[in-house]
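To keep things clear, I will list the structure first and then write my remarks on it.
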Amino acid sequence: MFEVYEKNESIVRSYCRKYPVTFAKGLNAELYAQDGTRYIDFLAVAGSMNYGHNNPEIKSAVMEYLSEDNVISMMDMYTPAKEEFLLTFSEKILQPRGFNYKIMCCGPTGTNAVEAALKLARKNTGRTEIVAFGGAFHGMTLGSLALTTDKVSREGGGTALPNVTHIPYEGTEGLDSLAYLRWVLEDDHSGMDKPAAVILETIQAEGGINVASTEWLQEVRKICTDHDILMIVDDIQVGNGRSGYFFSFERAGIMPDMVAFSKSISGFGMPMAILLIKPELDIFRPAEHNGTFRGNQLAFVGATAGIKYFVEHEVDKAVRRKAEIIKRFLKDEIMPIDKRISFRGIGLIWGIDFNKIDSRLALAAVHAAYENHLIMEVAGRKDGVLKIMPPLTIQEDILMEGLQILKNVVKIVI
């Protein structure tokens with residue numbers, strides 16, 4: 001059935017091994033195989049489809065643009081689609097929040113936005129070192145990979161991954177991460193050179209759904225300010241409303257120096273990445289960081305429509321409401337199954353932790369969920385956390401249907 005892939009495609013492919021089916025169609029939080037079999041989507045293409053598959057309002061804008069002879073790929077040249085995106089993002093997202101950022105259009109992947117942030121941090125400060133956190137995932141290119149901590153990803157680099165110091169994230173058992181951060185910065189025998197930046201995810205998604213508290217985020221911001229160190233937030237997977245706020249750091253009332261954005265920023269699952277930069281940090285020379293596909297006009301059109309959809313439909317409020325549904329279900333229906341499992345999350349990203357029983361149960365749950373027509377993924381240490389991450393637009397009845405399947409799956413694997 002899948003001979004063409006076995007014969008022609010690299011063995012590096014991964015997701016298709018968990019879900020051995022040919023997906024053909026999708027509508028909001030439902031996927032359909034080529035034979036018509038229906039699946040509920042609790043993965044949202046790793047957070048790339050926050051507004052659902054084939055969102056009709058966003059699709060309409062993309063189709064209208066595509067129906068005419070409009071330019072499609074234009075590097076960083078001026079175009080109507082790019083102008084409308086920049087204005088819409090500024091007027092509907094940045095200005096209402098009091099944020100003053102320049103928008104850098106990067107190559108079309110999240111890791112490219114992270115690479116741009118690292119280069120810009122080093123260029124602004126004249127320093128080379130970066131502080132990242134245990135449990136981080138920031139991308140697969142070498143600069144981003146140096147920040148990333150999971151062993152399998154790092155081994156794929158095949159070379160040294162220097163100039164990064166990793167410290168514990170909030171909640172690391174037996175360790176005070178803030179005290180440790182202060183120590184490496186303030187003790188003249190810590191052995192670490194003063195860094196250019198601290199980079200973090202406010203919610204570690206691939207790291208196991210580790211949610212930083214507002215107090216912790218505020219203190220990291222303060223430490224960076226006190227020590228003249230740039231603060232970079234990677235909002236690639238948990239931004240675009242995933243946390244219940246457009247920016248995941250909004251809940252902490254802070255403003256990072258730079259913010260990396262990708263995945264759902266295009267509104268329609270098209271490749272796109274941007275880096276938000278405080279104006280005084282915007283010192284790249286023309287073409288000093290570039291890329292042929294940083295001018296995907298269809299992505300700009302989808303992004304503009306996605307922003308309008310987010311604002312007009314108050315997606316953030318809907319996410320916070322659905323978050324309570326998930327939280328209550330996990331507490332009342334899943335946790336009583338076995339007292340050794342636990343859960344954590346925020347917005348529409350949650351995790352069920354099996355590590356105190358057997359980490360292998362999380363992957364077993366992914367396979368069992370697939371057999372019951374629910375698409376899920378694992379995360380965290382030893383892949384021991386089962387991740388719940390549906391489109392933000394999922395209908396509440398389909399959300400409950402998926403959660404009921406999940407309950408049965410947990411019972412099966414335990």
Side-chain angles (χ1 to χ4, degrees), residues 47-48 74-77 82-83 85-90 93-95 97 99-125 127 130-132 136-148 164 195-202 221 224 229-242 246-250 254-267 270-296 299-300 302-304 306-307:
S48 297
M74 290 300 292
M75 294 186 290
D76 67 356
M77 287 180 260
K82 185 187 201 177
E83 180 179 347
F85 163 70
L86 292 172
L87 287 172
T88 303
F89 193 84
S90 178
I93 299 298
L94 297 181
Q95 292 177 23
R97 292 162 175 78
F99 292 158
N100 181 23
Y101 286 121
K102 299 287 286 294
I103 302 169
M104 177 180 174
C105 299
C106 307
T109 62
T111 193
N112 195 291
V114 172
E115 295 284 357
L118 296 180
K119 289 165 68 173
L120 204 51
R122 287 166 171 149
K123 186 177 177 70
N124 269 278
T125 64
R127 307 175 211 134
I130 306 291
V131 170
F137 184 91
H138 294 289
M140 289 294 201
T141 49
L142 290 182
S144 302
L145 191 59
L147 308 169
T148 296
V164 177
V198 171
I199 185 168
L200 59 89
E201 304 150 279
T202 69
R221 171 70 275 184
C224 288
I229 297 168
L230 298 177
M231 181 182 185
I232 304 169
V233 167
D234 179 341
D235 237 8
I236 291 166
Q237 186 163 166
V238 298
N240 290 287
R242 176 63 56 183
F246 190 86
F247 297 110
S248 69
F249 52 84
E250 282 183 63
I254 61 173
M255 184 177 177
D257 298 295
M258 288 185 269
V259 185
F261 246 61
S262 187
K263 290 192 182 284
S264 282
I265 186 59
S266 76
M270 291 175 288
M272 180 179 177
I274 60 174
L275 179 65
L276 306 181
I277 313 162
K278 283 187 175 179
E280 63 270 22
L281 303 176
D282 184 28
I283 62 171
F284 273 140
R285 292 173 296 180
E288 195 170 10
H289 186 91
N290 60 28
T292 302
F293 296 108
R294 65 193 186 279
N296 183 340
F300 289 142
T304 300
I307 292 164

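Side chains are part of it too, since the values below use all heavy atoms of this structure and drop only hydrogens, waters and symmetry mates.
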I'd like to check [X] versus [Y] (side-chain heavy atoms, cut-off strictly below 4.5 Å). Are they in contact?
| X | Y | answer |
| --- | --- | --- |
| R127 | P195 | no |
| F300 | L86 | no |
| L276 | I103 | yes |
| D257 | R221 | yes |
| E201 | Q237 | no |
| V259 | F99 | no |
| P256 | F249 | yes |
| S248 | R242 | no |

Side-chain H-bond candidate by donor/acceptor type, T111 with T141, under 3.5 Å: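 Yes - a donor-acceptor pair under 3.5 Å links their side chains.
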
Determine whether M272 and N296 satisfy the following criterion, side-chain contact (heavy atoms from CB on, under 4.5 Å), listing intermediate values before the conclusion. CA-CA 7 Å; M272 180 179 177; N296 183 340; 5.9 Å; no

Under 3.5 Å: donor-acceptor pair, side chain of N124, backbone of L281: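 Such a contact is found between N124 side chain and L281 backbone.
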
Is the backbone of A303 close enough, under 3.5 Å, to the side chain of S266 for a donor and an acceptor to pair up by distance?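 No; zero donor-acceptor contacts below 3.5 Å.
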
Steps toward side-chain contact (heavy atoms from CB on, under 4.5 Å) verdict (F247, I93): CA-CA 9 Å; F247 297 110; I93 299 298; 3.6 Å; yes

Closest approach of [X] and [Y], non-hydrogen atoms and distance?
| X | Y | value |
| --- | --- | --- |
| S262 | G110 | OG-N, 3.3 Å |
| L147 | I130 | CD2-CG2, 3.7 Å |
| E115 | L142 | OE2-N, 3.7 Å |
| H138 | L200 | CE1-C, 4.2 Å |
| F89 | I274 | CZ-CD1, 4.2 Å |
| I232 | A121 | CD1-CB, 4.3 Å |

Any chance you could measure [X], atom [atom1], to [Y], atom [atom2], to the nearest 0.5 Å?
| X | Y | atom1 | atom2 | answer |
| --- | --- | --- | --- | --- |
| S144 | I236 | OG | CD1 | 7.5 Å |
| I265 | I307 | CD1 | CD1 | 5.0 Å |
| L87 | Q95 | CG | CD | 9.0 Å |
| T125 | L120 | OG1 | CG | 9.5 Å |
| M104 | I277 | CE | CD1 | 6.0 Å |

Going by side-chain contact (heavy atoms from CB on, under 4.5 Å), name the residues that satisfy it together with N112, two or more places apart in sequence or in a different chain.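 Expected list: C106, T109, H289.
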
Considering residues at least two apart in sequence or located in another chain, which fulfil the side-chain contact (heavy atoms from CB on, under 4.5 Å) criterion with M74?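 Once residues adjacent in sequence are excluded, the partners of M74 under the side-chain contact (heavy atoms from CB on, under 4.5 Å) criterion are V71, M77, T79, Q297.
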
Taking the six-membered ring for Trp, are the ring centroids of F246 and F261 within less than 6.0 Å of each other?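 F246 vs F261: aromatic centres under 6.0 Å.
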
Would you say F284 has more than 12 foreign heavy atoms packed within less than 6.0 Å of its CZ?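 Counting other residues, nucleotides and ligands, CZ of F284 exceeds 12 neighbours.
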
Determine whether M255 and K278 satisfy the following criterion, side-chain contact (heavy atoms from CB on, under 4.5 Å), listing intermediate values before the conclusion. CA-CA 9 Å; M255 184 177 177; K278 283 187 175 179; 4.2 Å; yes

Would you list the pairs meeting salt bridge (Lys or Arg N to Asp or Glu O under 4.0 Å) in which at least one residue belongs to residues 286-295, sequence neighbours left out?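 As it turns out, the salt bridge (Lys or Arg N to Asp or Glu O under 4.0 Å) pairs with a partner in residues 286-295, which skip direct neighbours, are D76-R294, K123-E288, R285-E288.
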
